[in-house]
Amino acid sequence: MVSEYLKHNTADLHDAAEKLFSSDKIFNKTFTFDDYKKIIRNNYRMLLNAENEIFETLSEGFSEKLQLEQRKKLPLIQKDLENLSLESEHASQPVIIANQNEALGMMYVIEGSTLGGNVIAKQLSKTEGFENVNFNFFGCYKENTGAMWKNFKEVLDSEVKEENYSEVLSGAKKLYTLLLNLN
């Protein structure tokens with residue numbers, strides 16, 4: 001299954017992202033508002049440079065199977081940006097997507113961040129200083145987070161043939177690399 005292949009082959013990049021964003025501080029309640037602004041700003045920049053291109057690359061078939069309209073996160077994170085008084089930007093490092101397989105790999109990173117984001121939102125909402133924060137991006141699927149992740153993985157695993165795993169991995173690595181180098 002390509003989802004397991006991706007999980008295994010991007011684990012180092014996932015860990016680097018968690019380190020960059022001080023994720024450990026979320027769970028020991030030392031995560032600051034500045035830490036939160038950083039994670040929102042960088043995810044915003046990633047989405048700004050990739051989301052539209054990803055969605056345009058995926059075919060109508062994927063649009064229906066993945067419910068792409070429900071998965072758009074750029075408008076949600078823009079609300080978080082406004083709430084944090086952070087300025088919007090223009091795409092400065094748009095990703096180049098070779099094909100649908102790379103686009104699916106990039107979606108894997110975004111959907112995975114949504115899965116983790118739900119945990120972040122729940123944890124931070126219990127942290128002093130975050131009581132009045134609306135987690136538009138991190139809480140985007142609310143109680144449907146598990147179902148949306150399951151749907152994404154099922155489509156990914158059923159649609160991607162083993163000979164295309166490397167292309168999907170290439171897309172995931174491209175997006176992780178963009179996210180990690182946005183500072």
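Distance alone, capped at 3.5 Å, is enough to place a donor-acceptor pair between the Asn43 side chain and the Ile39 backbone. Distance alone, capped at 3.5 Å, is enough to place a donor-acceptor pair between the Thr127 side chain and the Gln123 backbone. Remark: side-chain polar atoms of Lys174 are not paired, donor with acceptor, to backbone N or O of Val95 under 3.5 angstrom. In terms of modelled atom types and a separation under 3.5 Å, the side chain of Glu163 and the main chain of Lys161 share no donor-acceptor contact. Tyr44 contributes no side-chain N or O that, together with a main-chain N or O of Ile77, makes up a donor-acceptor pair within less than 3.5 Å. Of the possible donor and acceptor atoms, one in the side chain of Thr32 sits under 3.5 Å from a partner among the backbone N and O of Asp35.
Taking each heavy atom of Trp149 and Gly112 in turn, the nearest pair found is CZ3-N, 3.5 Å. Pairing each heavy atom of Thr10 with each of Ala172, the nearest pair is CG2-CB, 4.1 Å. Looking at every heavy atom in both residues, Cys140 comes nearest to Thr114 through SG-CG2, 3.5 Å. Scanning all heavy atoms of the two residues, the minimum distance from Ala103 to Leu58 falls at CB-CD2, 3.8 Å. Closest of all the heavy-atom pairs between Lys142 and Asn118 is O-OD1, 3.9 Å. Ala121 and Gly139 make their closest contact through CB-N, 4.3 Å (heavy atoms, listed as atom of the first residue, atom of the second, distance).
With no hydrogens or angles considered, a side-chain donor-acceptor pair links Thr30 and Asn28 at under 3.5 Å. In this model, a donor atom of one side chain and an acceptor atom of the other lie less than 3.5 Å apart for Lys73 and Tyr141. Judged by distance alone, the side chains of Ser170 and Glu102 do bring a donor and an acceptor atom under 3.5 Å apart. Between the side chains of Asp157 and Ser3, a donor-acceptor pair is found at a separation under 3.5 Å.
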Kindly determine whether Glu53 and Met106 satisfy side-chain contact (heavy atoms from CB on, under 4.5 Å), including the steps that lead there. CA-CA 10 Å; Glu53 287 77 7; Met106 291 179 186; over 6 Å; no
For side-chain contact (heavy atoms from CB on, under 4.5 Å), just list the numbers for Glu4 and Lys153, CA-CA rounded to whole Å, side-chain angles, deciding distance to a tenth of an Å, and then say yes or no. CA-CA 9 Å; Glu4 290 301 315; Lys153 277 183 45 175; 4.2 Å; yes
Could you please spell out the steps behind the side-chain contact (heavy atoms from CB on, under 4.5 Å) verdict for Phe138 and Val119? CA-CA 8 Å; Phe138 284 137; Val119 175; over 6 Å; no
For Leu124 and Val133, run side-chain contact (heavy atoms from CB on, under 4.5 Å): C-alpha distance rounded to whole Å, both residues' side-chain angles, the deciding distance at 0.1 Å, then the answer. CA-CA 9 Å; Leu124 286 181; Val133 173; over 6 Å; no
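Both Phe21 and Leu84 belong to a single network of hydrophobic side chains, linked directly or stepwise wherever heavy atoms of I, L, V, M, F, W or Y lie under 4.5 Å apart. Cluster membership check: Tyr176 shares its hydrophobic cluster with Leu115, using side-chain heavy-atom separations under 4.5 Å among Ile, Leu, Val, Met, Phe, Trp and Tyr. Under the 4.5 Å side-chain heavy-atom criterion for ILVMFWY residues, no single connected hydrophobic cluster contains both Phe152 and Leu76.
For CD of Glu131, the number of neighbouring non-hydrogen atoms (other residues, nucleotides, ligands) closer than 6.0 Å is greater than 12. Within a 6.0 Å radius of NZ in Lys150, no more than 12 heavy atoms belonging to other residues, nucleotides or ligands are found. Heavy atoms of other residues, nucleotides or ligands lying less than 6.0 angstrom from NZ of Lys79 number 12 at most.
To the nearest 0.5 Å, atoms CG (Leu81) and CD1 (Ile40) are separated by 8.0 Å. Note that CD1 of Ile54 is 12.0 Å distant from NZ of Lys72, once rounded to the nearest 0.5 Å. In this structure, Asp80 CG and Asn136 CG are separated by 4.5 Å, a value rounded to the nearest 0.5 Å. Here the straight-line distance linking atom CG of Asn164 with atom CG of Leu104 works out to 10.0 Å at 0.5 Å rounding. Between the CG atom in Leu182 and the CG atom in Leu20 there is a gap of 9.0 Å [rounded to 0.5 Å]. Atom CD of Glu69 is separated from atom CD of Glu64 by 11.5 Å, given to the nearest 0.5 angstrom.
The only member of Asn181, Leu179, Leu180, Leu47 that meets side chain to side chain contact (heavy atoms under 4.5 Å, CB included) when paired with Asn42 is Leu179.
Not counting sequence neighbours, the partners of Glu159 by the side chain to side chain contact (heavy atoms under 4.5 Å, CB included) test are Phe62, Lys65, Val155. Partners of Phe31 by ring-ring contact (aromatic ring centres under 6.0 Å, His included), not counting sequence neighbours: none found. By the side chain to side chain donor-acceptor pair (under 3.5 Å) test, Ser63 is found to be paired with no residue, residues two or more places apart in sequence or in another chain being considered.
Under the 4.0 Å criterion applied to side-chain N and carboxylate O atoms, Glu51 and Arg71 are not assigned as salt-bridge partners. Looking at Glu89 and Arg45, a side-chain N of the basic residue comes within less than 4.0 Å of a carboxylate O on the acidic one, giving a salt bridge.
At a threshold of 4.5 Å between non-hydrogen side-chain atoms, the residues Lys173 and Leu169 count as touching. Between Leu6 and Val168, the closest side-chain pair of non-hydrogen atoms falls below 4.5 Å. Using a 4.5 Å heavy-atom cutoff, the side chains of Met107 and Leu175 are not in contact. Between Leu74 and Gln78, some side-chain heavy-atom pair lies under the 4.5 Å cut-off.
Between Phe130 and Phe33, a ring centre-to-centre spacing shorter than 6.0 Å is recorded. Side-chain rings of Tyr5 and Tyr108 stay apart, their centers remaining 6.0 Å or farther from each other.
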